[in-house]
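Notes follow once the structure below has been shown.
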2 protein chains.
Amino acid sequence: MKQALKKGFGKGFKRTPQRLAILNYLEGNTLHPSAEDVYRAVTKKDFPLSFATVYNTLNALAQAGTVRELTIDAERKRYDPNTEPHHHLICLKCRKIIDVFEDVPVGKPKCIEKKFSVFGNHVEFYGHCSACRKKC
Amino acid sequence: MKQALKKGFGKGFKRTPQRLAILNYLEGNTLHPSAEDVYRAVTKKDFPLSFATVYNTLNALAQAGTVRELTIDAERKRYDPNTEPHHHLICLKCRKIIDVFEDVPVGKPKCIEKKFSVFGNHVEFYGHCSACRKKC
DNA sequence: ATAAATGCAAAGCATTTGCAGTAAA
DNA sequence: TTTACTGCAAATGCTTTGCATTTAT
């Protein structure tokens with residue numbers, strides 16, 4: 001397993017088969033899966049696994065900073081194993097979420113300086129993906 | 001009632017006291033309230049009102065484009081009566097959400113052109129608000 | 001009169017939690 | 001052998017829905 005997801009294991013963090021399977025599914029995954037997506041993928045490929053464990057593991061990983069909890073979807077939480085700062089394209093038709101790793105210059109409004117100290121930002125681009133554009 | 005929220009009323013849309021009270025609370029509101037916030041504020045100031053009606057009304061208004069449903073908070077939906085394109089500051093300590101109406105120039109990454117047509121964007125700035133900065 | 005909204009209570013999902021059994025360390 | 005994880009089932013929290021009643025038009 002690659003460096004990135006090893007971070008998930010710290011002191012007092014056990015390497016169980018369930019967790020390894022979840023991490024294995026997340027490794028390099030760009031689908032921004034929900035807890036249910038994780039559950040379905042892992043139970044299909046590997047062995048039985050409970051929802052409670054999926055949630056426990058995702059929460060532990062999020063707290064450890066190994067995965068990012070995305071609040072892009074109003075209906076459910078989604079998880080991103082890529083913790084490098086990046087942005088997202090959201091297709092308004094199929095709701096697909098696509099990563100943007102390219103650097104996006106974001107101007108900082110003047111009003112911020114006075115009343116807010118900014119550490120980071122996240123840009124959501126709304127539009128149509130190529131697949132949905134063809135269907136029009 | 002001002003122009004903006006009159007849009008909420010179209011053909012076959014009834015002007016009930018409950019809806020007027022909800023619209024009245026939303027008018028000019030910059031708190032990005034949740035359904036529960038709406039419920040509490042209206043029942044306190046006006047008359048009894050059911051949660052079902054709050055949800056029905058908010059959904060109808062969102063569908064009509066009179067309010068924007070925000071997916072900024074992982075725990076619950078929040079609603080923004082300001083439908084002009086604008087951005088948000090999110091305080092990582094108190095979770096307060098502050099509007100940014102100032103124009104924020106956002107560069108469009110090259111990778112987008114090929115595989116995605118962009119209609120709009122939304123920037124979330126993460127940081128600490130003035131109140132929380134003082135507490136540090 | 002008609003079509004739509006209200007409100008209650010029940011149902012539906014996503015997520016969390018308590019706890020007994022199980023497995024990593 | 002101790003500490004933490006798993007999994008079940010029950011519980012929770014937000015949101016939706018069915019239905020009988022009420023109300024705006």
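Numbers restart at 1 for each chain; the letters A, B, ... are given by sequence-line order, proteins then strands. Being a predicted model, the structure only gives us computed values, none of them experimental.
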Taken in chain and number order and not counting sequence neighbours, the residues that satisfy ring pair (Phe, Tyr, Trp, His ring centres under 6.0 Å) with B/Tyr126 are none
List the residues meeting ring pair (Phe, Tyr, Trp, His ring centres under 6.0 Å) with B/His32, not counting sequence neighbours, and say none if there are none.
B/His88
Quick one: salt bridge (charged side-chain N to carboxylate O under 4.0 Å, His left out) partners of [X], sequence neighbours excluded?
X	value
A/Arg76	A/Asp73
B/Arg40	B/Glu36
A/Glu75	B/Lys77

I want to check one thing: is the phosphate of [N], taken as OP1 and OP2, less than 4.0 Å away from some side-chain N or O of [X]?
X	N	result
A/Thr53	D/dG7	yes
B/Ser50	C/dC8	no
B/Gln18	C/dG7	yes

Could you check how far CG of A/Leu58 sits from C1' of D/dC5, rounded to whole Å?
15 Å
Take atom CZ of A/Arg19 and atom P of D/dT3, then tell me their distance rounded to the nearest Å.
17 Å
Contacts of type side-chain hydrogen bond (donor to acceptor under 3.5 Å, both in side chains), residue [X], not counting sequence neighbours:
X	result
B/Thr71	none
B/Ser50	B/Thr53
A/Arg68	none

Distances for protein N/O vs nucleotides 14-20 of chain D N/O pairs under 3.5 angstrom?
unit_1, atom_1, unit_2, atom_2, d
D/dC14, OP1, B/Arg76, NH2, 3.2
D/dT15, OP1, B/Lys77, N, 2.8
D/dT15, OP2, B/Tyr55, OH, 2.5
D/dT15, O5', B/Tyr55, OH, 3.3
D/dT16, OP2, B/Asn59, ND2, 3.0

Taken in chain and number order and not counting sequence neighbours, the residues that satisfy side-chain contact (heavy atoms from CB on, under 4.5 Å) with A/Cys111 are A/Pro109, B/Val100, B/Glu102
I'd like to know if the side chain of A/Asp37 reaches the main chain of A/Ser34, judged simply by a donor and an acceptor atom lying under 3.5 Å from each other, with no hydrogens or angles considered.
yes
Distance (rounded to the nearest 0.5 Å) between B/Thr43 OG1 and B/Tyr25 OH
10.5 Å
So if I take the C1' atoms of five pairs at each end of the helix from C/dA1-D/dT25 to C/dA25-D/dT1 and get each local axis, what angle do the two axes make, rounded to 10 degrees?
40°
Short N/O separations, protein against nucleotides 22-25 of chain C, under 3.5 angstrom:
unit_1, atom_1, unit_2, atom_2, d
C/dA24, N3, A/Lys14, NZ, 3.1
C/dA25, OP1, A/Arg15, N, 3.1

